[in-house]
Amino acid sequence: MTSLPVYLAYAKINLYLEVLNKRRDGYHNLETIFQSVSLGDRLEFFPQPEKITLECDNEDLAGDASNLVVRAAQLLQTRFGVSQGVHIRLSKRIPIAAGLAGGSADAAATLVALNQLWDLKLTLYRLTTLGLELGSDVPFCLVGGTKAGRLRGQDLHAMHSPVAVWYLLVHPNLHVSTRDVFTSPLLRPSGEIPFAGWTCSFRKARRRLEDGDFAGAMFNRLEYVVFSKHPELASIKERLLRAGSIAAGMSGSGPTMFGVFRSREEAEKAAHMFSDINTSVVCPTLVGVNCLEG
Ligand code: C5P
């Protein structure tokens, strides 16, 4: 079987995440700072007639239409009347349902790859609109890097990358449902009104981050909700700070926690203090999807 190039789909963390208010469509308006990181799933695409099939090396992940990769392929196939199919091979490296947008990253890579394989000539704007139908993080995963996001997170704006740092990701073996976090009575949206696009709190955080002040900038409104149910995550945050991180927090709706370090060596040293939990040492990436080889 001939295949297309290999694609890497990178995970993201949220360096800042504020919930402004609940919308009429049930989602929430957010202000967030996304950062893509060098932990990526690997996807290969093999042309085949008609059918869409998925093979994955992680048996916890369904290969049927509940998988975002399959849904992304089906969306393109039905929306654009494509008669060809595809077999997709997915090597999972990003922990599942971890607040790292692993499923969204895979869906974004699938949109990019099939746009090429099926010669659809869709613009990034069009892919973004389609991506949002699959999940709020898919638009960011299409572009990656360091971005300010608002509305559901799909309205993305370029940011200066903060100073070079390394991240230690700590992956507790817990399941957190994003939907449950957003519908929890414990969630108290800030209610702050944006002025000329963004709130004052967000502008302050963004400025601090661009100046390298991670401790002053980092925030996640969802932490309170998730920590109330899983206090062990608050302990991990404490442990990350004690292990020498400049700042520590939760990514998205969790449960992945991360610490910010000045060097790879410091992040790796701190990882030894988490021998009881899975960890990854990663650095920022400039893109969300990377086409590796022809
Ligand atoms: O868009 P996605 O499928 O990732 O969202 C999962 C759930 O998270 C939604 O069903 C919704 O309850 C919640 N959510 C939200 N506001 C957002 C993003 C997600 O309420 N901006």
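In what follows, every heavy atom counts, from backbone to side chain, and hydrogens, waters and symmetry copies are set aside. Just follow the structure's listing: the first ligand is 1, and inside any ligand the first atom is 1.
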Indicate yes or no: does Asp155 engage Arg150 in a salt bridge with an N to O separation below 4.0 Å.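 Answer for the salt bridge query: yes.
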
Non-hydrogen side-chain atoms of Leu209 and Tyr16 separated by less than 4.5 Å: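 A side-chain contact is absent here, since even the closest heavy-atom pair is not under 4.5 Å.
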
Considering only heavy atoms from C-beta outward, does the side chain of Phe219 approach that of Leu17 to under 4.5 Å?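 Contact flag for Phe219/Leu17 side chains = no.
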
With Thr32 via side chain to side chain donor-acceptor pair (under 3.5 Å) - residues at least two apart: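 Once residues adjacent in sequence are excluded, the partners of Thr32 under the side chain to side chain donor-acceptor pair (under 3.5 Å) criterion are Asn14.
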
What does the contact table look like for ligand 1 (nitrogen or oxygen on each side, cut-off under 3.5 Å)?
unit_1   : atom_1 : unit_2 : atom_2 : d
ligand 1 : 1 (O)  : Ser136 : N      : 2.9
ligand 1 : 1 (O)  : Ser136 : OG     : 2.5
ligand 1 : 16 (N) : His28  : N      : 2.8
ligand 1 : 20 (O) : His28  : N      : 3.4
ligand 1 : 20 (O) : His28  : ND1    : 2.8
ligand 1 : 21 (N) : His28  : O      : 2.9

Under 3.5 Å, is there a donor-acceptor pair between the Ser280 and His171 side chains?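 Ser280 vs His171: donor-acceptor pair found between side chains.
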
Would you say Ser136 and Arg152 are linked by a side-chain donor-acceptor pair, where the criterion is simply a distance under 3.5 Å?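 The criterion, which ignores hydrogens and geometry beyond distance, is satisfied for Ser136 and Arg152.
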
